[in-house]
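First the structure, in the form of structure tokens, and then the observations on it.
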Amino acid sequence: MALRYDCSSASGRSAGLSAAALAVRRGELVVLPTDTVYGIGADAFNLEAVDGLLRAKGRDRAMPSPVLVASSDALHDLVTDFPEQGWALVEAFWPGGLTLVARHRPTLDWDLGETHGTVAVRMPSHPVALDLLAETGPMAVSSANLTRQPSPQDCDAAQGMLGDSVAVYLDGGPTAAAVASSIVDLTGEVPILKRAGAISAERLLKVAPDLQEP
């Protein structure tokens, strides 16, 4: 049976973070609040856990999971050929609602799905998410909904969809917005806006003037 922790109190948050970190290390799934919507997460380097995440959502490998990190420093270990405009975007918008797609290091022992050698990385700004990521390291995290269902803004909605497929739910209250992160692809010669979301194209262009919109 899934465990749920109210992170609005110091004791609930501490207990919840400990339980969630332990669950992640065991290869189980957790639900956590982010600054955009609630996410379902697993150890990014545990192949069975990531597969379980995709199955819990009803998603196939053609839709791989993004990765959340606690610090921009983690990029040095995860990606390669990261461009100058990518670092400028990190400086301007992390932590926050911007996901960056880059080439991942070929030596990494992970399988996030059919990524074709890339990874979508974000540093969220929610304190509960950051505290958990600081304990676990990089996590594969996708929106905590069943595929084709609305992304949840609160823990009740996430638990109503995912139930006991998740070991630990961290209830951080309603999220600030229902808008998903913006996605910028950095794998080509110029940055490309793949999804407009929490960070507007106008704001992105001020930092990455070569950004192209589809």
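Computed from a prediction, not measured in an experiment: that's the story for all the values here.
- M63 CE to S142 OG: the interatomic distance, rounded to the nearest 0.5 Å, is 7.5 Å.
- A56 approaches S165 most closely through the heavy-atom pair CB-OG, 3.8 Å.
- Here CD1 of I183 is found 10.0 Å from CZ of R122. Values are rounded to the nearest 0.5 Å.
- Q149 CD: more than 12 foreign heavy atoms inside a 6.0 Å radius.
- With T118 contributing its side chain and T115 its backbone, the two residues share a donor-acceptor pair below 3.5 Å.
- Under the rule for a salt bridge (Lys or Arg N to Asp or Glu O under 4.0 Å), R195 has no partner lying at least two apart in sequence or in another chain.
- Note on V101: it does not cluster hydrophobically with V121, by side-chain heavy-atom contacts below 4.5 Å among ILVMFWY residues.
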Derivation and outcome, side-chain contact (heavy atoms from CB on, under 4.5 Å), residues E135 and R25: CA-CA 10 Å; E135 287 290 326; R25 295 188 189 102; 3.5 Å; yes
Stepwise, does the side-chain contact (heavy atoms from CB on, under 4.5 Å) test hold for F93 with L100? CA-CA 11 Å; F93 300 114; L100 298 171; over 6 Å; no
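- Closest heavy-atom contact between G39 and A144: C-CB, 3.6 Å.
- Residues R203 and I199 share a closest heavy-atom pair of NH1-CD1, 3.8 Å.
- With hydrogens and angles ignored, the 3.5 Å screen pairs no side-chain donor or acceptor of S143 with any backbone N or O of N145.
- Just one of I40, V168, V50, L162 meets the side chain to side chain contact (heavy atoms under 4.5 Å, CB included) condition when paired with L29; it is I40.
- In this structure the side chain of Q85 reaches within 4.5 angstrom of the side chain of P209, judged on heavy atoms.
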So M139 and L133, side-chain contact (heavy atoms from CB on, under 4.5 Å) or not? Walk me through it. CA-CA 7 Å; M139 288 180 61; L133 291 162; 3.8 Å; yes
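- Shown here for L132 and A21, the closest heavy-atom pair between the two residues is CD1-N, 3.7 Å.
- A distance of 12.0 Å separates CG of D43 from CD of E28, quoted to the nearest 0.5 Å.
- Remark: L89 CG to L98 CG distance equals 6.0 Å, nearest 0.5 Å.
- Here the side chain of Y169 pairs a donor or acceptor atom with the backbone of G163 at under 3.5 angstrom.
- No continuous path of ILVMFWY side-chain contacts below 4.5 Å connects L68 to L47, so the two sit in separate hydrophobic clusters.
- Using the six-membered ring where Trp is involved, H76 and W87 have ring planes that are parallel, under 30° apart on the 30 and 60° scheme.
- With rounding to the nearest 0.5 angstrom, the CG atom of L32 is 11.5 Å from the CG atom of D131.
- Note that CG of D154 and OG1 of T175 are 7.5 Å apart. Values are rounded to the nearest 0.5 Å.
- For S9 against G12, the heavy-atom pair with the smallest separation is OG-N, 3.0 Å.
- G113 approaches P64 most closely through the heavy-atom pair CA-CB, 4.0 Å.
- Two different hydrophobic clusters hold L130 and V30 under the rule that ILVMFWY side chains link at heavy-atom gaps under 4.5 Å.
- When atom types are taken as modelled, the side chain of Y38 and the backbone of D156 share no donor-acceptor pair closer than 3.5 angstrom.
- Below 30°, between 30° and 60°, or above 60°: for W110 and F45 the angle between ring planes is below 30°, a parallel geometry.
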Are L205 and E213 close enough, and set up right, to give a side-chain contact (heavy atoms from CB on, under 4.5 Å), and what steps lead you there? CA-CA 10 Å; L205 279 165; E213 300 182 57; 4.1 Å; yes
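- Hydrophobic clustering, with ILVMFWY side chains joined whenever heavy atoms are under 4.5 angstrom apart, groups L146 together with V31.
- Put simply, the side chain of D35 gets close to the backbone of S125: a donor and an acceptor are under 3.5 Å apart.
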Determine whether T99 and S181 satisfy the following criterion, side-chain hydrogen bond (donor to acceptor under 3.5 Å, both in side chains), listing intermediate values before the conclusion. CA-CA 6 Å; T99 298; S181 66; 2.8 Å; yes
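- With hydrogens and angles disregarded, a donor-acceptor distance shorter than 3.5 Å links the side chain of S18 to the backbone of S14.
- Annotation: side chain of P124 is not in contact with side chain of T36 (no heavy-atom distance under 4.5 Å).
- Placement of V69 and V184 within a single hydrophobic cluster is found when ILVMFWY residues are connected by side-chain heavy-atom separations under 4.5 Å, directly or transitively.
- With sequence neighbours excluded, the residues satisfying side chain to side chain contact (heavy atoms under 4.5 Å, CB included) with A62 are D60, E114.
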